[in-house]
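Every number for a ligand or one of its atoms is a count from 1 in the order of the listing. A quick note: this is a predicted structure, and the numbers were derived from the prediction, not measured.
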Amino acid sequence: MKKLLVALFAITTLLCGCTERQQLKSSLRDALKVAVAHEKAMAEYMLPIEGKLPKSYNGEKIVTAAPRDWTSGFFPGTMWLLYEHTGDEQLKEYADIFTRRLEELKDYTGTHDLGFMVFCSYGNAYRLTGEPYYNSVIEQASKSLVTRFNPTVGCIRSWNTKHKTPELDFMVIIDNMMNLEMLEWCGYHDIARKHADTTTKNHFREDNSTYHVVAYNELTGEVVEKRTRQGAADDSAWARGQSWGLYGYTMMYRMTGEQRYLEQAVKIADYLIPRLPEDAIPNWDFDSDRMLKDSSAGAIMASALIELYGFTKNEAYISTAEHQLRSLCSEEYLASLGENGYFVLKHGVGNLPGNRELDVPLPYGDYYFVEAAMRYLAL
Ligand code: GLY
């Protein structure tokens, strides 16, 4: 009798789990329909605004940016993902138009963000169409990006410095892990892996949280300073930075098969998961008393955790991602048409210490939410 009850309990739990997963998938399909409506409306709005891409919404109007802004690739990238999801030719046309607005980036050597900008746009375009034009831009952009690699430091320079002794301020930020996917894809394996290995060595604290910025002496490769620009304090855990690290190492494991990257991703996930709040969407900084959710950090983390679950089969990773996706699909975060300047998610934080983009939509939040939803639906 006891055995029968235990078996019945196990079957009921399994069925409830399946039902919850089916319900989440249905919510995600609906959310992606909403996302399609947002992106098409955004494309119509942006078409006459030549040379610009959407960056945020300030409650009154859509804020736009030039191609050289680090966020420029996310809007075309999101449309490519939604084209992949729906097969809708109109999305493909829009995605192509806004991708081509970024062509000048192929020769731009002034930023480390080319991976975000070019691989989310041109990378998805080439993956989905096989059109050689897109690939030629990716190849050229990768050549431009590797000009920022310094072999003494073992890293790609993130930001240029205005320091009075610039050789002591070779800045590398954790976000830079995200740019390695394009380099691995283009065959710059040594540079990408050296950057990742140097970052593992110098960016992480004992508890596996990451600093935002590490400044190196570019002549000796020594670490000069560990600090923050977008977090609450030099020794705090800025939420989006933790998400970039998680995503970056998980991606590096996918691209290389090297166990050490998987181990680093697992360490980051195991640091993050117990620190998430009730709705699993992090505060903008894990160590700040100022409460302001960053939905972009939640979306990036959910997408990374789904991929990490695929490599580890650790149930904690998928159940956390599910929790985050349920929250992001709720009215609290998912915008209805007309209320959020044609962006999909509400409540992102761009740069709180800089007093910029507080509690606003962000195109990278939308990109990684759509990616996470599609990854989950494909499980
Ligand atoms: N890469 C800049 C940011 O995450 O805000």
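- Residues Thr111 and Met117 have side chains in contact (heavy-atom distance under 4.5 Å, counting atoms from C-beta outward).
- For the pair Arg205 and Tyr211, the cation-pi test (distance below 6.0 Å, angle within 45°) is passed.
- Under 4.0 Å is where a charged nitrogen must lie from a carboxylate oxygen, and between Glu139 and Lys106 no such pair does.
- With Pro76 as reference, Phe98 is the one residue of Tyr367, Phe98, Tyr122, Tyr94 to meet the side-chain contact (heavy atoms from CB on, under 4.5 Å) rule.
- The side-chain contact (heavy atoms from CB on, under 4.5 Å) test applied to Ala41 returns Tyr342, not counting sequence neighbours.
- Under a cutoff of 6.0 Å and an axis angle of 45°, Arg127 and Trp80 do not form a cation-pi pair.
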Please tabulate, line by line, the atom pairs linking an N/O of ligand 1 to a protein N/O at a distance below 3.5 Å, with the distance in Å to 0.1, or answer 'none'.
{"residue": "ligand 1", "atom": "1 (N)", "partner": "Asp175", "partner atom": "OD2", "Å": "2.7"}
{"residue": "ligand 1", "atom": "4 (O)", "partner": "Asp175", "partner atom": "OD2", "Å": "3.3"}
{"residue": "ligand 1", "atom": "4 (O)", "partner": "Arg240", "partner atom": "NE", "Å": "2.8"}
{"residue": "ligand 1", "atom": "4 (O)", "partner": "Arg240", "partner atom": "NH2", "Å": "3.4"}
{"residue": "ligand 1", "atom": "4 (O)", "partner": "Trp244", "partner atom": "NE1", "Å": "2.8"}
{"residue": "ligand 1", "atom": "5 (O)", "partner": "Gln230", "partner atom": "NE2", "Å": "2.8"}
{"residue": "ligand 1", "atom": "5 (O)", "partner": "Arg240", "partner atom": "NH2", "Å": "2.6"}

